[in-house]
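Below: one structure, written as structure tokens.
As the structure is a prediction and not an experimental result, all values here were calculated from the model.
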Amino acid sequence: MTSYILLSISVILFSSQFVFNQVFEREEGSSFGSSMLFSLYSSVFGFAVLFVISGFRLNFSMVSLLYAVLYAAVSIAYSVASVKSFGTVNLSAYSIF
């Protein structure tokens, strides 16, 4: 039963990401600068949540730093692509692909 609840919560949160992406694109446009701004807002919010979860401690190693840099590059590319795509297609077409 718990698995279904967690799965339902993840579906709701995942789909809300698309809605926030679309609203941001409608308000700010689909330029590279607005994509970077969206990525900044998302990253700051994610950092704040994970910082609280970790008990307000920061720890890292060289491997985690490498993973963070790679993740940042992929995340920026994803943000640019998703904001650009909302400039051309609607939410239903975006979520299919």
Side-chain angles (χ1 to χ4, degrees):
M1 182 67 172
T2 305
S3 299
Y4 290 115
I5 293 171
L6 291 175
L7 183 61
S8 299
I9 291 170
S10 69
V11 166
I12 290 168
L13 291 174
F14 188 70
S15 62
S16 68
Q17 176 188 1
F18 292 125
V19 173
F20 284 121
N21 252 353
Q22 189 175 31
V23 168
F24 185 84
E25 187 273 329
R26 193 178 316 127
E27 295 291 323
E28 298 294 326
S30 61
S31 68
F32 181 75
S34 64
S35 300
M36 297 306 296
L37 188 63
F38 182 79
S39 184
L40 175 70
Y41 290 156
S42 301
S43 298
V44 168
F45 180 76
F47 173 78
V49 169
L50 291 175
F51 188 59
V52 169
I53 289 172
S54 72
F56 301 100
R57 289 175 300 169
L58 289 177
N59 296 323
F60 74 93
S61 66
M62 291 309 289
V63 172
S64 65
L65 182 64
L66 174 67
Y67 286 151
V69 168
L70 291 174
Y71 179 77
V74 169
S75 180
I76 288 170
Y78 170 76
S79 293
V80 169
S82 65
V83 170
K84 281 287 189 190
S85 65
F86 276 125
T88 337
V89 298
N90 59 15
L91 179 61
S92 59
Y94 177 84
S95 60
I96 288 174
F97 298 103

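- Both V52 and L58 belong to a single network of hydrophobic side chains, linked directly or stepwise wherever heavy atoms of I, L, V, M, F, W or Y lie under 4.5 Å apart.
- Ring planes of F51 and F56: perpendicular class, angle over 60° (limits at 30 and 60°).
- Closest approach of G29 to S34, counting heavy atoms only: O-OG, 3.0 Å.
- I53 and F45 fall within the same hydrophobic cluster, where Ile, Leu, Val, Met, Phe, Trp and Tyr residues are linked whenever their side-chain heavy atoms come under 4.5 Å apart, directly or through other members.
- One N or O on the side chain of S10 and one on the backbone of L7 form a donor-acceptor pair closer than 3.5 Å.
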Which atom pairs, one a donor and one an acceptor, fall under 3.5 Å between side chains of residues 65-78 and the rest of the protein, sequence neighbours left out?
| unit_1 | atom_1 | unit_2 | atom_2 | d |
| --- | --- | --- | --- | --- |
| Y78 | OH | Q17 | NE2 | 3.4 |
| Y78 | OH | Y94 | OH | 3.3 |

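- Following chains of ILVMFWY side-chain contacts shorter than 4.5 Å, one can reach I5 starting from L13, so the two form part of one hydrophobic cluster.
- How far CZ of F47 is from OG of S42: 15.0 Å, rounded to the nearest 0.5 Å.
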